[in-house]
Amino acid sequence: MSHEPADQAPSTLAVTAGRPVRTQGSPVNPPLVLSSTYVSTGVPGPGELLYARAGTETWQPFEEALAALEGSTRPGLVFGSGMAAIAAAFSLIPVGGRLVMPRHSYQVTLAFAHELAERSGVDVVLVDIDDTPAVLAAVAAAPTSMLWVESPTNPMLEVADLPALIAGAHAEGALVAVDNTFATPLGQQPLSMGADLVVHSVTKYLAGHSDVVLGAALADDAELHGRLLAHRTLHGAIAGPFEVWLALRGLRTLALRVERSQATAAELARRLAEHPDVLEVRHPSLPSDPGHERAARLMNGFGSIIGVRPRGGSDAADTVTRAVRLWAPATSLGGVESTLERRRRFATESLTVPEDLLRLSVGIEDVEDVWRDLDQALRAAHAAPAASAEALADEVAGA
Ligand SMILES: *Cc1c(COP(=O)(O)O)cnc(C)c1O
């Protein structure tokens with residue numbers, strides 16, 4: 001693979017990293033190789049490809065590109081899903097260890113932590129991740145194996161003071177792991193700030209087209225990297241080559257997608273804050289948002305997830321999800337298409353997330369088109385908060 005100049009901007013690295021070495025007639029893109037095994041005789045050399053559970057030449061370019069973007073000296077490790085990458089990170093917590101994590105972590109990560117508590121006696125302590133003194137007090141209260149950070153959080157969009165948390169947790173001997181899915185490496189590079197581990201749901205922004213489920217974990221430290229790699233190979237939660245090839249293809253346009261969706265999200269947040277049918281808007285771009293000052297100081301951009309509470313409670317919120325036509329009412333996020341959902345429809349979502357909170361993932365469509373659709377859906381919800389799905393669909397279709 002080509003060597004990447006360290007002085008390239010992240011948006012350039014997204015395009016240049018993980019390319020084949022240039023020789024006459026060589027492909028510009030890494031090939032998709034479908035082979036479970038590799039020709040090999042004798043004692044395998046270090047890094048030699050042997051068997052596709054341990055590594056493939058289709059993973060390597062993606063893993064290199066991820067490392068370049070996250071500022072890691074070691075390749076990233078691709079996994080079959082974000083949760084598989086999180087499982088590898090959680091495997092670093094010993095039986096009977098202690099895990100401090102955000103109250104508003106991704107709900108499946110929370111469920112996983114609760115399983116660790118039951119199965120492995122891990123003491124799981126939930127904190128408000130934007131309250132730095134409270135987080136550090138929780139870490140210091142007893143020997144802590146790992147501080148888990150999501151920032152901004154899913155779906156509440158709290159912003160953590162990453163450098164302060166990393167320094168404070170390290171002073172107490174805790175590992176710091178950051179789920180960087182929401183911010184993307186273009187928004188923040190936790191390893192460069194001193195974090196020990198970074199994980200991603202590649203499913204979201206990195207792949208970016210809602211057509212693959214993939215994850216990744218990165219560690220700069222040789223021992224941690226080795227343990228994550230060993231976990232992947234032993235547990236076998238690996239990615240298929242085709243999904244990884246698609247993810248690298250998606251990664252090439254990461255900067256353009258993130259730039260566009262962030263700009264649209266900030267404009268939508270500004271308009272939503274003035275909308276008569278909206279009770280509350282959460283987006284770190286808004287000067288009134290609790291996370292604004294910190295995000296402006298620590299992050300590059302404010303992200304493209306918005307929290308909205310329409311007037312009329314959870315009925316109105318449900319009505320919005322049925323009244324939209326351009327926005328896809330669907331879970332997940334970070335795709336080119338705008339999606340939205342009411343998070344508390346899931347019984348497992350944290351009870352401190354408001355019942356009526358809609359999570360919006362802003363895509364790359366024209367800002368006026370996404371605004372018009374959202375505006376008509378909010379008005380429809382206000383006019384008929386308790387309307388049945390069918391009646392409303394008819395009404396909207398005829399409008
Ligand atoms: C989606 C998501 C995950 C889980 O990733 P999968 O690829 O769905 O397994 C983890 N963390 C965050 C913040 C997510 O949004």
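Just follow the structure's listing: the first ligand is 1, and inside any ligand the first atom is 1. If you're wondering where the values come from, they're calculated on a predicted model, not measured in any experiment.
The CG atom of L157 lies 6.5 Å from the CZ atom of F182; values are rounded to the nearest 0.5 Å.
For the pair E150 and ligand 1, the shortest N or O to N or O distance does not fall below 3.5 Å. For ligand 1, the polar-atom distance check finds no N/O of F182 at less than 3.5 Å from any of the ligand's N/O atoms.
At least one side-chain heavy atom of V78 sits less than 4.5 Å from a side-chain heavy atom of L214. Considering only heavy atoms from C-beta on, L357 stays 4.5 Å or farther from V308 through its side chain.
Partner of E349 under the salt bridge (Lys or Arg N to Asp or Glu O under 4.0 Å) criterion, chosen from R103, R343, R344, R359: R343.
Here is the list of ligand 1 atoms found below 4.0 Å of a heavy atom in D179: 10 (C), 11 (N), 12 (C), 13 (C). Against a heavy-atom cut-off of under 4.0 Å, N154 is close to the following atoms of ligand 1: 15 (O).
Identified under the ring-ring contact (aromatic ring centres under 6.0 Å, His included) test for residues 312-346, with sequence neighbours left out: none.
A salt bridge links D356 to R309: at least one charged side-chain nitrogen sits closer than 4.0 Å to a carboxylate oxygen.
In this structure, the protein non-hydrogen atom closest to atom 8 (O) of ligand 1 is S201 OG, 4.0 Å. Scanning the protein heavy atoms around atom 2 (C) of ligand 1, the nearest turns out to be K204 NZ, 2.5 Å. Considering only non-hydrogen protein atoms, atom 4 (C) of ligand 1 sits nearest to Y106 CE2, 3.3 Å.
With a 4.0 Å cut-off on non-hydrogen atoms, L214 touches ligand 1 through its backbone and not its side chain.
If you check each of T203, I305, V202 against atom 7 (O) of ligand 1, the one with the closest non-hydrogen atom is T203.
Inspection of the E70 and N180 side chains reveals an N or O donor paired with an N or O acceptor under 3.5 Å.
Residue contacts with ligand 1 leave out V108, since none of its heavy atoms falls under 4.0 Å from the ligand. Heavy-atom separations between I86 and ligand 1 include at least one value shorter than 4.0 Å.
The distance between the ring centers of W148 and F90 falls below 6.0 angstrom.
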